[in-house]
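What follows is a single structure, written as structure tokens, with notes after it.
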Number of protein chains: 2
Amino acid sequence: MASNAVMEETLQILKDHKLRVTPQRHIILAYLVSHHNHPTVEIIRDALGKELPNMGASTIYNTLNTFVDHHLVVELQNGDGSTHYDYFGTPHYHAICTNCGRIVDVTYPGFSDTEKNLEQKTAEISGYMISGNHMEVYGLCPECQIKLGIKNNE
Amino acid sequence: MASNAVMEETLQILKDHKLRVTPQRHIILAYLVSHHNHPTVEIIRDALGKELPNMGASTIYNTLNTFVDHHLVVELQNGDGSTHYDYFGTPHYHAICTNCGRIVDVTYPGFSDTEKNLEQKTAEISGYMISGNHMEVYGLCPECQIKLGIKNNE
DNA sequence: GATTACATTGGAATGGTTCTTACTTATTAA
DNA sequence: TTAATAAGTAAGAACCATTCCAATGTAATC
């Protein structure tokens, strides 16, 4: 269960975005804010099953799609066939393991400038009116490097 | 139908990657190399139906997945529910219209440095052994800006 | 508290992708 | 050139994540 602080925070987020506050939306958002596990719908359902046993899968899909529309959440694919979701409170991007699918959040000082620069260049070249971006970096996570017996020659 | 030059080029690509040369692979790769329309499996099937009428959908999926594994092709999602494919001969990224799904290739001088920098930073921070990346920028394409009556205030 | 527009449920339907089996073929070596 | 075999293809069934639908429930407004 999410802390009271998180519940208050997420309540405010919903209100700020003029989203009707339902228990389902509230608890799903609180889960996403307080976890960084990039869950699938199934994982969310299992995790929240005790608090809202009757929550339908379509509700979770609807809710997450709403959050995505409001740019609260981003969708991620790691190759396992289902969509993963990530609360997007602060700018970051993702490193995805090509072997096990593990997703980690990454950011660094100056990332925001890199992003802005990419968007500006894109606008100039393509004529698109930019609204956002996604960056992903692929590779082997540290665990899989060991598991596969790979030596980083550096 | 792809030109002879493209057919020769793609034949060499297949050989370079030690892929068994079949008519299906050859013609699909030639189609991707000579088109920049980011096709779906269905589009490829329709386009090549005259040349190989009996080509099964699973063959196209298998072939494209093989190309993806060999980093010849990248997969793209534009929100229409099916996967789009793009021959990745030269480094570039994609701008995707959030309204109509149109995908355009983008690159600019210095993009390669941006990419390398992102990968290096990611390796340092996450410990991943990096093998690649995908960048996407979202926005409204020029057509949709007009269609939706949006003025770019600049 | 009544109204109304919106959200949730539960299950059916959808559809893109993968899987399976039998068949065919590209490659290699003799 | 031919035989052997490892690999690819065809066709369609199966899978399964996601969406759709109709009925019910509920949050927000006045």
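Owing to the predicted nature of the structure, the values given are computational and were not obtained by experimental measurement.
Contact between the side-chain N/O atoms of A:R25 and the OP1/OP2 oxygens of C:dA7 is found at a separation under 4.0 Å. Under 4.0 angstrom from either OP1 or OP2 of C:dT17 there lies at least one side-chain N or O belonging to B:Y61. Contact annotation: A:Q24 reaches the phosphate of C:dT9 (side-chain N/O to OP1 or OP2, under 4.0 Å). Of the side-chain N and O atoms in B:T83, none sit less than 4.0 angstrom from OP1 or OP2 of C:dG16.
Look at CG on A:D46: it is 12 Å from P on D:dA17, rounded to the nearest Å. Taking atom CE of residue B:M55 and atom P of nucleotide C:dC23, one finds them 22 Å apart after rounding to whole Å. Counting to the nearest Å, the P atom of D:dT18 and the CG atom of A:N65 are 9 Å from each other. Distance, A:N78 CG to D:dA17 P: 13 Å, rounded to whole Å. A:I27 places its CD1 atom 18 Å from the P atom of C:dA7, with the value rounded to the nearest Å. Rounded to a whole Å, the CG atom of B:L52 is 11 Å from the P atom of D:dA11. A:H17 has its NE2 atom 19 Å from the P atom of C:dC6, to the nearest Å. In this structure, the CD1 atom of A:I44 is 14 Å from the P atom of D:dA17, given to the nearest Å.
In this structure, B:P53 reaches neither bases nor backbone, as no heavy-atom distance under 4.0 Å exists between it and the strands shown. The residue A:V21 sits close only to the backbone: its heavy atoms come under 4.0 Å of sugar-phosphate atoms, none of a base.
In the model, A:Y93 has no side-chain atom that pairs as donor or acceptor with a side-chain atom of B:N133 under 3.5 Å.
Heavy atoms from other residues, nucleotides or ligands lying under 6.0 Å from CD of B:E124 number more than 12.
Of the candidates D:dG8, D:dA10, D:dT18, the closest approach to any side-chain atom of A:S82 belongs to D:dT18.
The residue among B:E42 and B:L19 whose nearest nucleotide of DNA chain C lies closer to the 5′ end is B:E42. Of the residues near DNA chain C, A:N54 and B:T22, the one whose nearest nucleotide (by heavy atom distance) lies more toward the 5' end is A:N54.
Aromatic ring centres of A:H134 and B:H134: separated by at least 6.0 Å. Ring centroids of A:F67 and A:H71 are separated by 6.0 Å or more, keeping the two rings apart.
If you check distances only, the side chain of A:S58 does reach the base of C:dG10 with a donor-acceptor pair under 3.5 Å.
Taking the six-membered ring for Trp and thresholds of 30 and 60 degrees, A:F88 and A:H92 have ring planes inclined between 30 and 60 degrees apart.
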